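First the structure, then my questions, so here it is.
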Amino acid sequence: MEALTIKEIEGIWNHSLGSVVTVRGNKASFSNGLEFELKEEGNSILMDGWKASLSKSTAEEIVWRKKGQFDLTWSFEGELLDLEGAGIESSNIVRGKRRRGMADYRKLNEEIKHEEMLAKRERERLAKEQQALDLIRQRKRRKQAEAEQAEQAEQAGEASSTAKTSTSAAEKPMKPITQEELLKLKEELLKLRENLQPGGKAVSQDKNAVLEALSKLESAKMDVEMLAKTLIAKALNPYRKHADFEIASRSKALFSKWKQIFKNS
């Protein structure tokens with residue numbers, strides 16, 4: 001075979017992978033619904049990266065090759081003469097170069113149409129599944145966004161409450177306090193800390209005692225020397241992580257206030 005041309009391969013072929021290929025003009029239509037454009041290049045034909053092998057092909061069989069792939073073959077089934085009603089001109093059919101098969105082209109055409117219908121239904125089913133999946137993802141993202149917004153609102157509320165607590169403490173009139181009184185409050189905080197239940201939860205009477213001690217410390221006029229001598233901040237520090245929100249927020253505010261005293265000194 002000196003050369004392969006698109007005109008010479010018009011007809012119906014059986015693909016080595018099981019499908020039927022119909023060549024009309026420069027189009028190759030597969031029974032699974034795929035369609036590729038044929039292009040002549042030199043003495044051969046190209047299709048979707050595959051090239052017809054001139055040396056291995058015959059009038060009865062076309063061998064297609066692609067780098068990195070196994071060879072594929074088309075075995076000739078018959079001419080397109082019986083399919084002129086589908087728009088194929090008899091002048092485009094090459095006679096005498098290939099044997100004529102006994103295939104029932106009308107039945108074959110119905111099978112192609114049936115497979116195309118099945119392929120269409122499958123595409124529609126996959127599209128619906130994709131839409132359902134997208135809807136589920138949208139709902140999931142919406143719920144996640146709502147949860148994040150709720151968490152941010154809760155954090156903002158806690159921050160506002162802490163700020164109010166700090167402001168309230170700052171507005172209290174400051175009273176002088178002796179070193180002995182401060183050491184007494186320190187011992188009281190250490191003792192109350194030992195009474196905490198597992199998980200940092202305090203019984204009601206201990207909570208009231210802690211809040212009373214915090215009130216005294218909030219109104220105490222403090223300086224660097226008093227803080228350094230008594231180490232009261234060390235006794236207060238664990239209460240910043242107390243399970244009770246009021247105790248924790250007021251302890252944080254007081255601790256930050258004392259920290260600022262050290263910075264300003």
Side-chain angles (χ1 to χ4, degrees), residues 4-7 9-41 44-53 57 61-89 92-93 101 103-161 245:
L4 281 173
T5 65
I6 294 175
K7 186 176 181 180
I9 68 169
E10 283 189 328
I12 299 175
W13 303 80
N14 291 319
H15 198 290
S16 57
L17 295 182
S19 60
V20 176
V21 185
T22 302
V23 178
R24 297 183 178 92
N26 65 341
K27 299 290 184 181
S29 301
F30 289 67
S31 57
N32 59 5
L34 297 177
E35 186 175 89
F36 298 99
E37 183 177 355
L38 300 172
K39 181 180 179 182
E40 294 181 358
E41 184 180 87
S44 187
I45 300 172
L46 298 179
M47 180 191 69
D48 192 38
W50 293 84
K51 185 175 183 179
S53 173
S57 298
E61 184 178 77
I62 300 177
V63 178
W64 295 90
R65 288 190 157 185
K66 186 176 183 179
K67 188 176 181 181
Q69 302 287 342
F70 293 106
D71 291 353
L72 299 176
T73 59
W74 289 4
S75 299
F76 180 66
E77 177 66 25
E79 302 282 5
L80 290 174
L81 185 60
D82 293 332
L83 297 179
E84 287 184 346
I88 304 301
E89 297 180 6
N92 291 333
I93 300 171
D104 186 344
Y105 296 113
R106 291 184 177 84
K107 182 179 179 181
L108 181 60
N109 189 50
E110 291 298 323
E111 291 177 353
I112 292 175
K113 289 181 179 180
H114 180 66
E115 291 186 9
E116 289 175 348
M117 180 187 66
L118 293 178
K120 181 180 178 181
R121 289 179 179 176
E122 180 66 12
R123 288 194 295 269
E124 291 174 349
R125 184 186 67 81
L126 293 175
K128 289 180 179 179
E129 289 183 355
Q130 185 62 45
Q131 290 176 356
L133 182 60
D134 291 341
L135 183 59
I136 293 173
R137 288 173 176 171
Q138 289 175 6
R139 291 176 178 174
K140 185 177 180 181
R141 286 194 294 267
R142 184 165 60 249
K143 289 182 179 179
Q144 184 176 358
E146 291 174 353
E148 291 176 353
Q149 290 175 359
E151 184 178 357
Q152 291 173 0
E154 183 178 354
Q155 291 175 353
E158 292 179 358
S160 176
S161 179
F245 176 75

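Heavy-atom basis, side chains included; hydrogens, waters and symmetry copies ignored. Small disclaimer: the values here were computed from a predicted structure and weren't measured.
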Measure across Glu40 and Lys7 and return the closest heavy-atom pair with its distance rounded to 0.1 Å. OE2-N, 4.4 Å
On a heavy-atom basis, the closest approach of Glu41 and Lys51 is OE1-NZ, 4.2 Å
Closest heavy-atom pair and its distance - Asn32, Leu34: OD1-N, 3.1 Å
Would you give the length of the straight line joining atom CD of Glu116 to atom CD1 of Ile112, rounded to the nearest 0.5 angstrom? 7.0 Å
Within a reach of under 6.0 Å around NZ of Lys39, are more than 12 heavy atoms found that belong to other residues, nucleotides or ligands? no
Nearest 0.5 Å, please: how far is CG in Leu46 from CG in Leu38? 9.5 Å
For the student: nearest non-hydrogen atoms of Ser57 and Ile62, plus distance: OG-CA, 3.6 Å
Roughly how far apart are Gln138 CD and Gln131 CD, rounded to 0.5 Å? 10.5 Å
Between the main-chain N or O of Asn26 and the side-chain N or O of Glu37, is there a donor-acceptor pair closer than 3.5 Å? no
When you check the side-chain N and O atoms of Asp134 and Gln130, is any donor under 3.5 Å from an acceptor? yes
Met47 and Ala28: which non-hydrogen atoms are nearest, and at how many Å? SD-CB, 4.1 Å
Flag yes if more than 12 heavy atoms outside Lys66 fall under 6.0 Å of its NZ atom; otherwise flag no. yes
Going from CZ on Arg123 to CG on Leu118, what distance comes out if it is rounded to the nearest 0.5 angstrom? 10.5 Å
Indicate yes or no: at least one non-hydrogen side-chain atom of Ile45 is less than 4.5 angstrom from one of Thr5. no
Any donor-acceptor N/O pair, Ser16 side chain to Leu72 backbone, under 3.5 Å: no
Not counting sequence neighbours, which residues clear salt bridge (charged side-chain N to carboxylate O under 4.0 Å, His left out) with Arg125? List them please. Glu122, Glu129
Partners passing side-chain hydrogen bond (donor to acceptor under 3.5 Å, both in side chains) against Ser53 (at least two apart in sequence or in another chain): Ser55
For residues Val23 and Ile9, report the shortest heavy-atom separation together with the two atoms involved. CB-O, 3.6 Å
With a 3.5 Å distance limit and no angle check, can you tell me whether Thr22 reaches the backbone of Ile12 through a side-chain donor-acceptor pair? no
Assign the ring pair Trp74 / Trp64 to parallel, tilted or perpendicular, where the plane angle (0 to 90°) is split at 30° and 60°. tilted
